[in-house]
Novice: 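Input: one structure, supplied below.
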Amino acid sequence: MTVQGALLVGSVNLPDTESTFRAAADTLGRRLRRVPDGETGDRFHWIVFQADLIGGADGIERVGDEPVLLRNLDLRPLRFADGVDPARVVLPKLDYARAALESYGTFAALREQGVIPAGIRFQVSLPTPLAVVVALVREEDRAAFEPSTSVRCTPSSTRS
């Protein structure tokens, strides 16, 4: 059996985006059709970083008093604070667009240098709102939380 292609998704345990691109190109080369940035830095563990961002919004709080840490990320679920109208909660930017633009700059430079073979495309992967809600929000608040999360997780969102 000959490997004819490779699809990479998710976090890569490397220190930064450039390391991810270089490792993917060195290891898989022309087998790749597209390459993601590896969700490095604070994005290292899929969507867990969003809990810190969303948890800082007015009307959102963490369940429990003590942080449950994975590296520097708090794994405690989110909930609406008592008395808060979920429809009035404004979620912060999740910074996927910023991260993609920064990563694309690195990708383009490495492609120009020949590190990433010509024809390989830059891949941006976004989580579904359902994934965010199920993974980060306590069960009792999920139905009310989903509409706000949908606005923040869709690629067409341009709200600040």
Side-chain angles (χ1 to χ4, degrees), residues 5-25 27-28 32-107 120-160:
L7 173 64
L8 302 177
V9 295
S11 303
V12 175
N13 192 20
L14 290 172
D16 55 43
T17 297
E18 183 173 345
S19 299
T20 299
F21 288 147
R22 286 181 179 279
T27 305
L28 299 168
L32 289 172
R33 299 293 177 258
R34 61 200 59 79
V35 62
D37 71 359
E39 298 176 342
T40 59
D42 285 345
R43 297 177 302 128
F44 84 96
H45 199 273
W46 190 40
I47 57 176
V48 176
F49 79 96
Q50 289 186 28
D52 284 341
L53 295 172
I54 295 170
D58 289 339
I60 304 291
E61 60 187 24
R62 296 297 187 121
V63 175
D65 295 327
E66 294 296 320
V68 177
L69 297 177
L70 172 65
R71 287 201 209 163
N72 60 332
L73 300 173
D74 190 347
L75 299 178
R76 290 177 295 161
L78 302 168
R79 65 179 289 278
F80 288 110
D82 291 335
V84 167
D85 177 1
R88 293 199 168 299
V89 172
V90 177
L91 298 181
K93 283 179 144 181
L94 299 177
D95 280 341
Y96 282 104
R98 179 199 49 77
L101 289 170
E102 287 177 9
S103 295
Y104 183 78
T106 303
F107 170 85
I120 294 178
R121 300 179 72 182
F122 176 68
Q123 174 182 313
V124 175
S125 302
L126 299 172
T128 64
L130 178 63
V132 174
V133 171
V134 170
L136 304 179
V137 178
R138 74 176 183 166
E139 189 172 357
E140 305 91 286
D141 289 331
R142 289 178 184 163
F145 207 95
E146 191 275 333
S148 296
T149 309
S150 294
V151 171
R152 282 294 174 203
C153 290
T154 55
S156 61
S157 177
T158 56
R159 291 174 44 182
S160 56

Novice: Of all residues at least two apart in sequence or in a different chain, which pass the side chain to side chain donor-acceptor pair (under 3.5 Å) check with S103?
Specialist: D37
Novice: Is a donor on one side and an acceptor on the other found under 3.5 Å between the side chain of R62 and the backbone of A51?
Specialist: yes
Novice: Tell me if a side-chain donor or acceptor on S11 pairs with a main-chain N or O of W46 at a distance below 3.5 Å.
Specialist: yes
Novice: State which residues pass side-chain contact (heavy atoms from CB on, under 4.5 Å) with L69; sequence neighbours excluded, sorted by chain then number.
Specialist: P67, D74
Novice: Taking CZ in R138 as the centre, count heavy atoms belonging to other residues, nucleotides or ligands within less than 6.0 Å. Is the count above 12?
Specialist: yes
Novice: What I'd like to find out is whether the side chain of D16 reaches to under 4.5 Å of the side chain of T106, using heavy atoms alone.
Specialist: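 D16 does not reach T106 side chain to side chain.
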Novice: Where is the tightest heavy-atom contact between A25 and L32, given as atom of each residue plus distance?
Specialist: N-CD1, 4.4 Å
Novice: Could you list the residues that satisfy salt bridge (charged side-chain N to carboxylate O under 4.0 Å, His left out) with D82, not counting sequence neighbours?
Specialist: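 Scan of D82 (salt bridge (charged side-chain N to carboxylate O under 4.0 Å, His left out), adjacent residues dropped) gives R79.
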Novice: Which value, rounded to the nearest 0.5 Å, describes the distance between L53 atom CG and L78 atom CG?
Specialist: 10.5 Å
Novice: For R34, does the CZ atom have more than 12 heavy-atom neighbours from other residues, nucleotides or ligands under 6.0 Å away?
Specialist: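 Result for CZ/R34: open.
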Novice: Taking everything shown except D95 itself, do over 12 heavy atoms lie less than 6.0 Å from its CG?
Specialist: yes
Novice: Please tell me if the side chains of I54 and L94 come closer than 4.5 Å, counting only heavy atoms from C-beta onward.
Specialist: yes
Novice: Over 60° means perpendicular and under 30° means parallel, so tell me whether F107 and F122 are parallel, tilted or perpendicular.
Specialist: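 Rings of F107 and F122: tilted, as their planes differ by 30° to 60°.
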Novice: Can you tell me if R142 uses its side chain to pair, donor with acceptor, with the backbone of V134 under 3.5 Å?
Specialist: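 Yes.
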Novice: Does some side-chain heavy atom of F145 sit less than 4.5 Å from a side-chain heavy atom of I60?
Specialist: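 When only atoms from C-beta onward are counted, F145 and I60 do touch, with a gap below 4.5 Å.
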Novice: Answer yes or no: is there a side-chain heavy-atom contact under 4.5 Å between V132 and Q50?
Specialist: yes
Novice: Once rounded to the nearest 0.5 Å, what's the spacing between atom CG of L7 and atom CZ of R33?
Specialist: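 Rounded to the nearest 0.5 Å, the CG-CZ separation comes out at 11.0 Å.
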Novice: Atom CG of residue position N13 - does it have more than 12 heavy atoms of other residues, nucleotides or ligands inside 6.0 Å?
Specialist: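 12 or below, so no.
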Novice: Counting only N and O atoms by type, is there a donor-acceptor contact under 3.5 Å from the side chain of Q123 to the main-chain atoms of L8?
Specialist: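 Judged by distance alone, yes, a pair lies under 3.5 Å.
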Novice: Could you tell me which non-hydrogen atom of A57 sits nearest to which non-hydrogen atom of V90, and how far apart they are?
Specialist: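 Looking at all heavy atoms of both residues, the shortest contact is CB-O, 3.6 Å.
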Novice: Could you pull out the closest heavy-atom pair between P86 and F80, with the gap in Å?
Specialist: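 Result for this residue pair: CB-CZ, 3.5 Å.
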